[in-house]
*Asks:* 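Dropping a structure here in structure tokens format, bear with me for questions.
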Number of protein chains: 2
Amino acid sequence: MGEQRRERADAARNRRAILEAAEELLRLHRPDEVSIEQVAAAAGVGKGTVFHRFGSRAGLMLALMEERAQELSEAIAAGPPPLGPGAPPHERILAFLDAMVALASRNVGLITAHEHAVATQRSAAGPREANPVYRRWHAHVSELIARARPDLDATLVAHLLIGSLHNEPVARLLLDGESERLAAGLRSLATSLLGPGSAPM
Amino acid sequence: MGEQRRERADAARNRRAILEAAEELLRLHRPDEVSIEQVAAAAGVGKGTVFHRFGSRAGLMLALMEERAQELSEAIAAGPPPLGPGAPPHERILAFLDAMVALASRNVGLITAHEHAVATQRSAAGPREANPVYRRWHAHVSELIARARPDLDATLVAHLLIGSLHNEPVARLLLDGESERLAAGLRSLATSLLGPGSAPM
DNA sequence: CTACTATATGGACCGTTGGTCAAGTTGTCT
DNA sequence: AGACAACTTGACCAACGGTCCATATAGTAG
């Protein structure tokens with residue numbers, strides 16, 4: 001497995017242009033109103049280029065999500081507690097949920113857009129939930145839950161907690177700027193679950 | 001507001017035929033592989049007829065859902081406890097969640113199909129979550145939570161609980177016949193939340 | 001039975017959009 | 001400079017939800 005050839009300079013430039021154009025459009029319009037052609041036009045490239053770089057509409061959204069999630073990913077992997085390693089599971093979960101909600105509230109459109117993309121995917125429906133961001137988050141939360149409450153079905157509960165972001169009514173909440181409400185709700189859920197570590201109120 | 005004209009006999013017959021054809025196809029194929037044209041063909045009617053009866057793809061799925069959910073709807077409204085009125089909120093919630101999961105596990109395809117339909121809707125995107133079934137369930141759970149734990153954000157928590165069914169990884173579970181696992185998970189969640197009414201195990 | 005009308009039907013047609021591809025262009029390496 | 005792989009492009013395709021209206025039919029009044 002040697003070093004793989006670097007991406008050509010023009011290709012890299014176009015990738016950035018596309019990413020930025022998509023970001024911009026997604027900020028201005030409803031996710032299902034943003035077509036790949038529009039993105040391509042806004043980025044000043046041909047439609048084909050977008051598909052060459054990102055494979056599919058879903059692929060583009062995924063790339064965007066990875067970019068936005070990177071900071072949080074690093075923080076939970078190696079940042080300072082309580083987000084990063086070092087704090088007790090209980091606290092790390094609460095910290096993560098807060099951070100997750102904050103991040104999500106800044107990117108509802110993107111999440112929705114990705115969902116929409118997967119739903120309308122024409123080609124290979126592929127193995128769903130191949131979303132690396134979701135996987136990473138789920139693995140993290142799942143592991144923490146398992147450590148804090150070995151008797152629970154950690155995998156499932158983690159899906160329940162994280163999956164809330166893919167919930168349309170919940171997404172609406174974020175859209176309406178009520179992210180604090182979601183954060184509070186998740187906190188009380190988590191607190192109840194993780195046992196009497198701290199009072200619900 | 002007088003009596004509105006009854007549906008013509010042939011129309012009623014076709015409605016049933018369409019509903020049954022859709023049901024059948026949905027049972028045999030993946031939701032996103034079932035087009036309206038196929039349904040129409042299987043029902044022995046023209047495509048136009050389907051749209052006349054149900055308005056849109058989403059409308060058809062909705063009709064199907066209502067049909068499947070009717071029994072449970074009646075049970076929670078006026079059936080015997082603990083599902084129906086009479087039992088303490090705590091127990092009614094647990095009973096409802098169990099019933100909901102059971103119902104959902106028999107209709108994952110339908111739920112997915114409806115989601116897909118709404119996501120790919122071409123015409124009026126309309127006010128989302130106009131799904132009467134969801135509304136009814138949410139109102140029910142929400143109200144029970146409010147009574148059992150007035151300090152919680154009942155609306156939100158109800159969305160969190162019911163919304164789990166729209167969660168792709170969770171849906172996968174149901175598809176794999178692990179519905180009991182979901183039921184157990186929701187039960188422990190609810191039990192933790194509703195206070196020390198009964199032991200988590 | 002006939003005439004009449006509201007209702008229902010069907011399928012050609014349309015617009016949109018994700019995705020493909022073959023031919024041409026350009027960066028990069030020696 | 002020459003060679004080659006990587007890259008770009010936009011016309012093109014297929015699929016599908018939804019529309020439309022000329023035609024057919026159930027229900028009904030006389």
Side-chain angles (χ1 to χ4, degrees), chain A residues 2-18 21-22 25 29-63 113-126, chain B residues 2-19 21-22 25-26 29-63 113-126:
Chain A
E3 183 78 49
Q4 56 184 343
R5 267 268 222 286
R6 255 204 23 194
E7 188 172 61
R8 249 167 59 172
D10 53 344
R13 212 181 320 123
N14 282 337
R15 150 171 287 129
R16 286 253 37 97
I18 293 168
L25 285 178
H29 309 284
R30 295 194 28 218
D32 54 296
E33 287 172 337
V34 179
S35 72
I36 295 288
E37 296 218 32
Q38 277 175 49
V39 173
V45 303
K47 182 186 183 177
T49 304
V50 178
F51 283 96
H52 274 304
R53 284 306 108 206
F54 299 99
S56 69
R57 188 192 165 88
L60 171 58
M61 300 308 169
L62 223 46
H114 176 248
E115 226 127 79
H116 180 260
V118 172
T120 64
Q121 210 154 31
R122 215 88 94 187
S123 58
Chain B
E3 183 78 49
Q4 54 184 344
R5 268 268 221 288
R6 256 205 21 193
E7 187 172 61
R8 248 168 60 172
D10 54 342
R13 212 180 323 122
N14 282 338
R15 151 171 287 130
R16 287 253 35 98
I18 293 168
L19 247 17
L25 285 178
L26 238 28
H29 309 282
R30 295 195 26 219
D32 54 296
E33 287 172 336
V34 179
S35 72
I36 294 287
E37 296 217 32
Q38 279 175 47
V39 173
V45 303
K47 183 185 184 177
T49 303
V50 178
F51 282 96
H52 276 304
R53 287 303 110 209
F54 301 99
S56 69
R57 186 192 166 89
L60 171 59
M61 299 308 170
L62 223 45
H114 177 248
E115 224 127 80
H116 180 260
V118 171
T120 64
Q121 210 153 31
R122 213 88 90 187
S123 59

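To find a chain, count down the sequence lines: A is the first, B the second, and so on, and within it residues start at 1. Just the heavy atoms: all of them, side chains too, but no hydrogens, waters or symmetry mates, feed the values below.
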*Asks:* Do the side chains of A:Glu7 and A:Arg13 get close enough for a salt bridge, i.e. N-O under 4.0 angstrom?
*Replies:*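 Not counted as a salt bridge, because no side-chain N and carboxylate O are separated by less than 4.0 Å.
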*Asks:* What nucleotide among C:dA8, C:dG18, D:dG18 has an atom nearest to a side-chain atom of B:Gln121?
*Replies:*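 Nucleotide nearest to B:Gln121's side chain: D:dG18.
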*Asks:* Rounded to whole Å, please give me the gap between CD in A:Gln38 and P in C:dT16.
*Replies:*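 Atom CD in A:Gln38 sits about 12 Å away from atom P in C:dT16.
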*Asks:* Could you give the distance from NE2 (B:His52) to CZ (B:Arg15), rounded to the nearest 0.5 Å?
*Replies:*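 Atom-to-atom, B:His52:NE2 and B:Arg15:CZ are 13.0 Å apart.
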*Asks:* Starting at CG of B:Leu19, measure out to CG of B:Asn14 and round the result to the nearest 0.5 Å.
*Replies:*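 That separation rounds to 11.5 Å.
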*Asks:* If I take atom CG in residue B:Asn14 and atom P in nucleotide C:dT7, what distance separates them, rounded to the nearest angstrom?
*Replies:*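 About 17 Å, once rounded to whole Å.
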*Asks:* Specify the closest pair of heavy atoms between A:Ala58 and A:Gln121, including all atoms of both residues, with the distance to one decimal.
*Replies:*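 Closest heavy-atom pair between A:Ala58 and A:Gln121: CB-NE2, 3.4 Å.
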*Asks:* Roughly, in whole Å, what's the span from CD in B:Glu37 to C1' in C:dG10?
*Replies:*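 B:Glu37 atom CD is separated from C:dG10 atom C1' by 11 Å.
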*Asks:* Between atom CD1 of B:Ile18 and atom CZ of B:Phe51, what is the distance when rounded to the nearest 0.5 Å?
*Replies:*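 Going from the CD1 atom of B:Ile18 to the CZ atom of B:Phe51 covers 10.5 Å.
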*Asks:* Using a cut-off of strictly less than 4.0 Å between a heavy atom of the residue and any atom of DNA chain C, enumerate the qualifying residues of residues 47-57 of chain A by number.
*Replies:*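 Listed by number, they are A:Lys47, A:Phe51, A:Ser56, A:Arg57.
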*Asks:* Do you know the tightest heavy-atom contact between A:Met61 and A:Ala113?
*Replies:*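 Shortest heavy-atom contact: SD-CB, 3.9 Å.
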*Asks:* Atom CE of B:Met61 and atom C1' of D:dG17: how far apart are they, to the nearest Å?
*Replies:*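 Spelled out: CE on B:Met61 to C1' on D:dG17 is 12 Å.
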*Asks:* Between B:Ile36 and B:Arg13, name the one whose nearest nucleotide on DNA chain D is closer to the 5' end.
*Replies:*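 The residue whose closest nucleotide sits nearer the 5' end is B:Ile36.
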*Asks:* Kindly list each side-chain donor-acceptor pair under 3.5 angstrom involving residues 33-43 of chain B, sequence neighbours excluded, with atom names and distances?
*Replies:*
unit_1, atom_1, unit_2, atom_2, d
B:Glu33, OE1, B:Arg30, N, 3.3
B:Ser35, OG, B:Gln38, N, 3.3
B:Glu37, OE2, B:Lys47, NZ, 3.3
B:Gln38, NE2, B:Glu33, O, 3.0

*Asks:* Are A:Arg57 and A:Arg122 packed together at the side-chain level, in the sense that at least one heavy-atom pair is separated by less than 4.5 angstrom?
*Replies:*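 No, side chains not in contact.
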*Asks:* Rounded to the nearest 0.5 Å, what separation is found between the CZ atom of B:Arg16 and the CZ atom of B:Arg53?
*Replies:*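 Here the interatomic distance stands at 13.5 Å.
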*Asks:* Which residue lies toward the 5' end of DNA chain C, A:His116 or B:Gly44, if each is placed at its nearest nucleotide?
*Replies:*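 The 5'-side residue here is B:Gly44.
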*Asks:* Rounded to whole Å, how long is the line connecting atom NE2 of A:His114 with atom C1' of C:dG18?
*Replies:*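 Whole-Å distance recorded here is 15 Å.
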*Asks:* Could you list the protein-to-nucleotides 28-30 of chain C atom pairs, N/O on both sides, closer than 3.5 Å?
*Replies:*
unit_1, atom_1, unit_2, atom_2, d
C:dT28, OP1, A:Ala9, N, 3.1

*Asks:* Separation of A:Glu33 atom CD from C:dT16 atom C1', in whole Å?
*Replies:*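 Distance, rounded to whole Å: 13 Å.
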*Asks:* Atom CG of A:Asp32 and atom C1' of D:dG17: how far apart are they, to the nearest Å?
*Replies:*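 Answer to the nearest Å: 14 Å.
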